[in-house]
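One structure below.
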Amino acid sequence: MKKFIEEFKAFALRGNMMDMAIGVLIGGAFTGIVTSLTENFITPVINTVLRVVGGEALYTATEWYGFASNFVSAIFNFFITALVLFLLLKAMNKLMELGKKKDEEPAAPTTKKCPYCLSEIPVEATRCPHCTSQLEESKETVHA
């Protein structure tokens, strides 16, 4: 069960999956702006033209103010949704970084190559066991 949960976590929190989810939510919020634009500006303009042609009264200033306020409200909803999604994604990325193990420094090498025969020998060696050459002591060699 633990492996299943880890696999689901890896699937759900993958970068492209999160991007797709955010895209769907932003698309839904943007749909609100388009719907508001249509209902609060385009439709009233068309109705106004039809009323003028038909000889009826035009929309009042109060009605136009209501249309404009509804549209501005839809724009604010969009930006608030985008801000909340941005903050959630930023927090999730920070949590994902905390979950990763920090890269450990590579371990110090335990062998070196003999400059004469190119065989691998222990770092502490002063004579090559293969070619019996006397090795120069390097500054890195530590004697206990």
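The figures here come from the full heavy-atom set of this structure, side chains too, leaving out hydrogens, waters and symmetry mates. For the single chain, residues carry numbers from 1 onward in sequence order.
Side-chain contact check for K112 versus E120: every heavy-atom pair is 4.5 Å or farther apart.
Nearest heavy-atom pair, I121 versus C128, reported as atom, atom and distance to 0.1 Å: CG2-SG, 4.0 Å. Listed here is the closest heavy atom pair of V123 and P109: CG2-O, 3.3 Å. The heavy-atom pair separating N40 from F67 by the smallest distance is O-CB, 2.9 Å.
Cluster membership for I42 and F30, using ILVMFWY side-chain heavy atoms within less than 4.5 angstrom, is shared. V24 and I33 fall into different hydrophobic clusters, where Ile, Leu, Val, Met, Phe, Trp and Tyr residues are linked whenever their side-chain heavy atoms come under 4.5 Å apart, directly or through other members. Linking ILVMFWY residues whenever their side-chain heavy atoms come closer than 4.5 Å, directly or via other members, places I26 and M92 in the same cluster. In terms of hydrophobic clustering, with Ile, Leu, Val, Met, Phe, Trp and Tyr side chains grouped at heavy-atom distances under 4.5 Å, V49 and F41 are assigned to different clusters.
Relative orientation of the F8 and F4 rings is parallel, given thresholds of 30° and 60° on the angle between their planes.
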Pairs under 3.5 angstrom only: tabulate donor-acceptor contacts from the side chains of residues 74-89 to other protein residues two or more places apart or in another chain.
{"unit_1": "N77", "atom_1": "ND2", "unit_2": "S73", "atom_2": "O", "d": "3.4"}
{"unit_1": "T81", "atom_1": "OG1", "unit_2": "N77", "atom_2": "O", "d": "2.8"}

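Remark: side-chain polar atoms of T48 are paired, donor with acceptor, to backbone N or O of P44 under 3.5 angstrom.
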